Every structure is written in C-alpha cells, then in structure tokens.
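Naming convention: chains lettered A, B, ... in sequence-line order (proteins, then strands); numbering from 1 in each chain. Not measured: the values here are computed from a predicted model. Side chains are part of it too, since the values below use all heavy atoms of this structure and drop only hydrogens, waters and symmetry mates.
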Amino acid sequence: MKIEEKIAAAVSEVIKELAGTEPEPGKIVFQKTRKEFRGDLTLVVFPFTKLLKRSPEEVADTIGRALVERVEEVSEFNSVKGFLNMSLTGRFWLGFLGENMDNDKFGYAAAETQQPPVVVEYSSPNTNKPLHLGHIRNNLLGYSVSRLLEASGNNVVKVNLVNDRGIHICKSMLAWMKYGKGETPQSSGKKGDKLVGDYYVRFETELRRQIAGIIEKEDIGEDEARKKAPLMLEAQDLLRRWEARDKEVVEVWEMMNSWVYAGFDLTYRRLGVDFDKIYYESDTYLLGRDIVMEGLEKGVMYKKDDGSVWAGLSEYKIDDKLLLRSDGTSVYMTQDIGTAQLRYDDFTPRQMVYVVGNEQNHHFSVLRKVLDKLGKPYSDAIYHLSYGMVELPAGKMKSREGTVVDADDLMDEMAGTAARITEELGKTQDFSKEEKESLYHIIGLGALKYFILKVDPKKNMLFNPEESVDFNGNTGPFIQYTYARICSVLRKAGEESLTKAPDSLGGAVLNEKEKQLVRTLYDFPAMVREAAAELSPARIANYVYEVAREFNQFYHDYSILNEEDKNLSDMRLCLSSLTALTIRNAMLLLGIEVPERM
RNA sequence: GGUUCCGUAGCUCAGCUGGAUAGAGCAACAGCCUUCUAAGCUGUGGGUCCCAGGUUCGAAUCCUGGCGGAAUCACCA
C-alpha cells in the first residue's frame, strides 16, 4: 500500500471517531509540502472543519497528533493556518531508496496483457512533400504518448496512416512526367521525398503562371481561373486514370511513392520514431465508401438529387456532412470512416488515439457523430489528441513563402550546434569519430525534442530557429548533462561500493536537500500515471527538469565520493543512482536518449 | 456570424482534480572552479495571472459576460 493511502485511511478513521461520520474519500488529498515549511506531505484540513465543528488549527493539531501516534512512518507534524505538514521518517525514505535503486524499470508499470490495446495513430504524412517542423511535433507527441501509455500498463499499437493518393499526389506526378526528364533519386542524388516535393512545388509554380495568364486574358476571378487551368484539368484527369487503374499512371505512382518512403524512413529513423503497422489510404478508402452505402441502405444517411450522399447532423446543431461526391468518389471523412473500421477489426482496441493538429477538431467531432449514427460500437473509443500549431516568429509556416522548416535540415542544424558547443567546451577530445557523431546526434535531438515536448500539447507554440537552440537552463542537454555527471560519479565509485551500498543505508541520515530529492523521485511513478492519463508528455518533461535541478543543487552542496562518513557516502551513491535511473526512464518516455559522457 | 482552443514577468513556458507569500529558463546585473564534469550553482531586479462580475473559508485554476488572438464551419486533405 502506498504511504498516502495508509495515512488517508488513518485520517478517515480519526475523523470518524470524532465526528461519527467519515469524510468523502476524495476530500483527503495530500500535496507536497512547500519548501518554506518543514515537512514532506501536507494535508489541507479545511474540508473537515465543518464536520468536526472546530477551528482549522484545532483540527490540524488533533489529526496531526493522532497520525504521529498511529502511523509509524509519520515522525512529526506542524500546522500552519489549517495546513497540516507532516514529516515521514528517515527510515521510510531510505527504505524507498534501497528498494528501487536497482530497479531498471523504476516508474514503469508492467503491461496488463489481457487488456485490449490502445491504438495510437500519428505522423500521417502526405506523400507529396517532405516532413517539416509541424510533422516533428506530431511525431514526437505520438511516439511519446505511446511510450507513456505503455509505461502505465497499456498494450499499445502505434500506427501510421499514409495519405498516398489523391489530387495532391497527382500534382507532383504530373509535374515529374512533364518536366522531370526521367530524374530519379539515384540520378540526382536527392533524397526521394525531397525530389518529389520539388515537383510538387514545380506544379504549383507552373499552375500559378497559367492562372495569371487566364485572369489577364479572360478577366475572371482566381478561383474560376484555377478550375479552368490546363494543368489542373490534367491533374484531375490523372486522378481519374489512377482510380481506373491505368497501368502507366499506377507505375509512376508506385515508383514515386517508393522514393518518398525511402526518404521518410531515413527521417523517421533519425527522429527515433517507429510504427507497428502502416495503413495506406489507397488500401482503405473503398471500405469507407462501402460503409457509407450501408448507412444509406439503413436510412441513416441520405442522398441528394445530384447523387451525393450526406449525413444529417441537425440533431447536433451542425451542418450536414458530405460523405460521397455526386460522382461517387470519396472524401477525407469517408476514408477515415473506413480506417476506423479497419483498425477496429484489426485490434478491437479499447481506445483509438489520433494525434492530429487542432485544425481538424471539427473533423473529428463530426467523425464521432457519423460513426455514432452508423451504430458503430467504437465511436466513443475515438479520441482526438489535438495539438497546437508550431509557429515561427514571422507567423505560420508557408510553403509559398519558403518559410517551411524542413525536418532533416532542422535535425542537421541541431546536431551541428551540439557539435560546435561540445567542441568549444573541449569535452570530447578523447572521443572517436563515431562516438562524437553519436553524441552530437543525441544532444542535438535531445534539445529539439525536449524543446517541443515540454510545451502543453494543446497550446500553440513558438519556434524561433535563431533562439531555440539553447543548451542551458530548462533544456534537454541540461538534463542529459546531469545524467552524464551522475554516470561519471558512479563510474568512479565502481561497481562494488554501489552494490554494497544498500546495506549501509540504515546508518545514514538524510539532510534537507537529500530528502527533497528523494521526495521528488518518489513521485515519479505517480507522475507517469498522470501524464499517461492526460496524454501529456509535457508533464514528464517539466518533472524531469525538476529532478535534474534538484540533483545539481545537491551535487553542488555535498560531496558524494569524498564524504568521510561511509554511511553517508554510500547513501549518496544510492541517491545518485536512483536519480540517474529516473532521469533516464523519464527521458526515454519522451523519446530522448541520455549519454553516459558529454 | 456559430463552435472550439488559448491569454501568467521584456521573451519562451510551468503552475496537477480550487489551497499557504504565483514559479522556472532566457535576457540584464553581481558572485562561485588547486575538491566527484562550470552544458553547473548562488544572489538581485522584473507580475493588474486580459477585464468585470459570480460561486467558495479560500480562485491564475470553476461559472457567466466582455476584450484580444488562433483554428474551424468545402463535392480540400
């Protein structure tokens, strides 16, 4: 039983004896005692003053006295204006330390294998352009949330839904067919996704030229001109040929997509994310159409005179949603209906998490309602993890203005900065070339990932390419550095004294700083559960920063290896060891590696 | 216009289901390396928690109404 539960039970007991009735269980909540007061746990007693008909001070004192008497782990208490601060015994904290210092999985719960899984969809790229900063936030969130769910005992299936068909794909295909002269990644040395992206840009450039010409000649609006532009008509024709399985078109499509996938694979690998299953829209969009047709037969959807099929949503006070165009082709919503069904058939998950930007909030709320109308049992299992935009100092990223921050370029820059700073500090003089490269990658990505994940997912965030590459303060490298420092101490201490250490724990007394650190480490398992429940890596990021900061204070103030009292020295080694484990495990939940030297 | 989200120090962000005097980092200034890694530590200055009501013993946090910003409401994805 956790100590909080034990104390809560005792509090409940005391109140029952005095007042005759037990307080509601939810009213007994503990918080960490604030630094300026003495104690480890604080109970707010205001909720009980009415029940006991006494002043907050009296209530706090009464409960405090009873707890010291009845709960052996509670050593003393003080009360300030209705706040009951209690201290736990050194024995309790040292016991916690000894039990966990060797626990590689500290903070992680074992998977409940019987439970149906949670499916997490993330990344979901289009195959017409390379990944950029926005995708990075998506990928990091999706990966981290998956790890969080795993660490709190869930079975998790990570899936990617690749949007590999549609008019946008046809645009880059068309440009390549018209202007490409057979260029391939091999012939040009370009990364496949970059090459295809270049042709997408080329299409847009040529298209704009045509539109401008049409507007000038015919004096019509831009939207109208766009519809008439020959390139646009050709792209639409290409889509129709693709849907008709035209051999030539399908070949080009397969070839260009394979280039893109090779490019994505490299980016994913560098980013450190992966998937258990990849869905392709080209495989699933027809299923959605079938389901919609079923809905039509059952009468939950309706057909307009022009042949288009709609879901009526007036009962939810929102506009009806088109599900099939008048020409019978499907839209984005149709396809998502299909993939939801497929996912349900594949895994019967208890929850389906979609990591998708907040610009699609409306889309997902409609998706749930449509699935509900269709009578699908999994409509409630759909959860849209909606995250905010990544903005640049100049505002939103715009491909037209060339302000898109490319994922590969960004990772290169981060590693480059890591290399420059590390060399300046002279930290890697005895590193081999491979070791250096690996380290700079770890630090550069650590900085990037931490920077992005420490922000609450639902908030928009600002990314300043000039300033964001900070390695001091509340940053990934700071936390990695703390870890490397601890490793250095542990290396010097050697294996033997560390394994012997728990035996001598009994003889040590924790000072305030040490106790504060242990207290923070103690919170880690609960923190993982909370972060998983909220699907918020930011909680872990901010927590692990606090751990690192507290350790550095302790490290600065007290000597570990040069402490003469052997009991103290050993205890501090244990404390350092558990701190390192906590930092490592927390960072791994964020998808961030930690180096043993830096 | 409807809906949803956001608004906390000069800047970037924390602040858990309501709890004590609202916290970090960056930037500025002042200190600390013959001692386990100074990517560190310590200190100083910096706040109308957007505004106004309400609920409560207690509100940055919950409710209502404003103001400001973002997203969305496509036979786009």
Tyr122(A) versus Asn160(A), closest heavy-atom pair with distance:
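In this case the closest contact between Tyr122(A) and Asn160(A) is O-OD1, 3.3 Å.
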Are any side-chain N or O atoms of [X] and backbone N or O atoms of [Y], one a donor and one an acceptor, separated by less than 3.5 Å?
X: Ser569(A); Y: Asp565(A); answer: no
X: Asn138(A); Y: Val355(A); answer: yes
X: Asp372(A); Y: Arg368(A); answer: no

Tyr555(A) vs Val80(A), nearer the 5' end of RNA chain B by closest nucleotide:
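That would be Val80(A).
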Phe478(A) stacking on rG40(B): centroids under 5.5 Å, ring planes under 30°?
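Phe478(A) vs rG40(B): stacking no.
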Only counting residues at least two apart or in another chain, list the ones meeting side-chain hydrogen bond (donor to acceptor under 3.5 Å, both in side chains) with Arg325(A).
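Only Thr329(A) meet the side-chain hydrogen bond (donor to acceptor under 3.5 Å, both in side chains) criterion with Arg325(A).
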List in chain and number order the residues that pass side-chain hydrogen bond (donor to acceptor under 3.5 Å, both in side chains) with Arg240(A), two or more places apart in sequence or in another chain; answer none if no residue qualifies.
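Per chain and number, Arg240(A) pairs via side-chain hydrogen bond (donor to acceptor under 3.5 Å, both in side chains) with no residue.
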State which of [options] makes the closest approach to the side chain of [X].
X: Arg485(A); options: rA38(B), rU72(B), rC36(B); result: rA38(B)
X: Leu462(A); options: rA71(B), rC41(B), rC13(B); result: rC13(B)
X: Glu534(A); options: rC16(B), rA14(B), rC13(B); result: rC16(B)
X: Ile560(A); options: rC36(B), rC57(B), rU72(B); result: rC36(B)
X: Thr42(A); options: rA39(B), rA20(B), rG7(B); result: rA20(B)
X: Asn460(A); options: rA20(B), rA70(B), rA39(B); result: rA70(B)
X: Asn562(A); options: rC36(B), rA77(B), rU37(B); result: rC36(B)

For a quick test of reading the model: is some side-chain N or O of [X] closer than 4.0 Å to OP1 or OP2 of [N]?
X: Lys458(A); N: rA71(B); answer: no
X: Tyr481(A); N: rA39(B); answer: yes
X: Gln553(A); N: rG40(B); answer: no
X: Arg572(A); N: rC36(B); answer: no
X: Ser488(A); N: rU37(B); answer: yes
X: Lys396(A); N: rA70(B); answer: no

Using the [atom1] atom in both, what is the distance from [N] to [M], to the nearest Å?
N: rC36(B); M: rG31(B); atom1: P; result: 24 Å
N: rA24(B); M: rG43(B); atom1: C1'; result: 16 Å
N: rG25(B); M: rU3(B); atom1: P; result: 41 Å
N: rG53(B); M: rA59(B); atom1: C1'; result: 13 Å
N: rG40(B); M: rG47(B); atom1: P; result: 26 Å
N: rC13(B); M: rU8(B); atom1: P; result: 10 Å
N: rC16(B); M: rA60(B); atom1: C1'; result: 14 Å
N: rC62(B); M: rG19(B); atom1: P; result: 10 Å

What is the separation between atom [atom1] on [X] and atom [atom2] on [N], rounded to the nearest whole Å?
X: Phe364(A); N: rC73(B); atom1: CZ; atom2: P; value: 13 Å
X: His556(A); N: rC33(B); atom1: NE2; atom2: P; value: 9 Å
X: Leu392(A); N: rU12(B); atom1: CG; atom2: P; value: 13 Å
X: Met389(A); N: rU4(B); atom1: CE; atom2: P; value: 19 Å
X: Arg325(A); N: rA77(B); atom1: CZ; atom2: C1'; value: 10 Å
X: Tyr200(A); N: rC76(B); atom1: OH; atom2: P; value: 14 Å
X: Lys492(A); N: rU35(B); atom1: NZ; atom2: C1'; value: 11 Å

According to the interplanar angle, ranging from 0 to 90°, do the rings of Phe524(A) and Tyr543(A) count as parallel (below 30°), tilted (30 to 60°) or perpendicular (above 60°)?
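Answer is parallel, since the angle falls under 30°.
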How are the rings of Phe554(A) and Phe551(A) set relative to one another: parallel (under 30°), tilted (30 to 60°) or perpendicular (over 60°)?
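Ring orientation, 0 to 90° scale: perpendicular.
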Contacts of Lys228(A) that satisfy side chain to side chain contact (heavy atoms under 4.5 Å, CB included) - sequence neighbours left out:
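If we apply the side chain to side chain contact (heavy atoms under 4.5 Å, CB included) test to Lys228(A), skipping adjacent residues, the hits are Glu218(A), Ile220(A).
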Given protein heavy atoms under 4.0 Å, the one-letter contact record of nucleotides 21-26 of chain B, with B base, S sugar-phosphate only and - none, is simply S-SSSS
Quick check: any donor-acceptor pair below 3.5 Å linking the side-chain of Thr482(A) to the base of rA39(B)?
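Check fails, no donor-acceptor contact within cut-off.
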Taking atom types as they are modelled, is there a donor-acceptor pair under 3.5 Å from the base of rU3(B) to the side chain of Lys317(A)?
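Per atom types, no contact qualifies.
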Across the strands shown, which category fits [X] at heavy-atom distances under 4.0 angstrom: base, sugar-phosphate, nothing?
X: Gln360(A); value: base
X: Asn85(A); value: base
X: Ile443(A); value: base

Selection residues 312-331 of chain A - residue pairs positive for ring pair (Phe, Tyr, Trp, His ring centres under 6.0 Å), sequence neighbours left out:
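Found none.
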Distance under 6.0 Å and angle within 45° of ring axis: Arg165(A) vs Tyr285(A):
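Because its charged atom sits under 6.0 Å from the ring centre and within 45° of the axis, Arg165(A) does stack over Tyr285(A).
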Restricting to nitrogen or oxygen on both sides, can you table the protein-nucleotides 61-64 of chain B pairs closer than 3.5 Å?
none

So how far is it from Glu514(A) CD to Leu568(A) CG, rounded to the nearest 0.5 Å?
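Here the rounded value is 6.5 Å.
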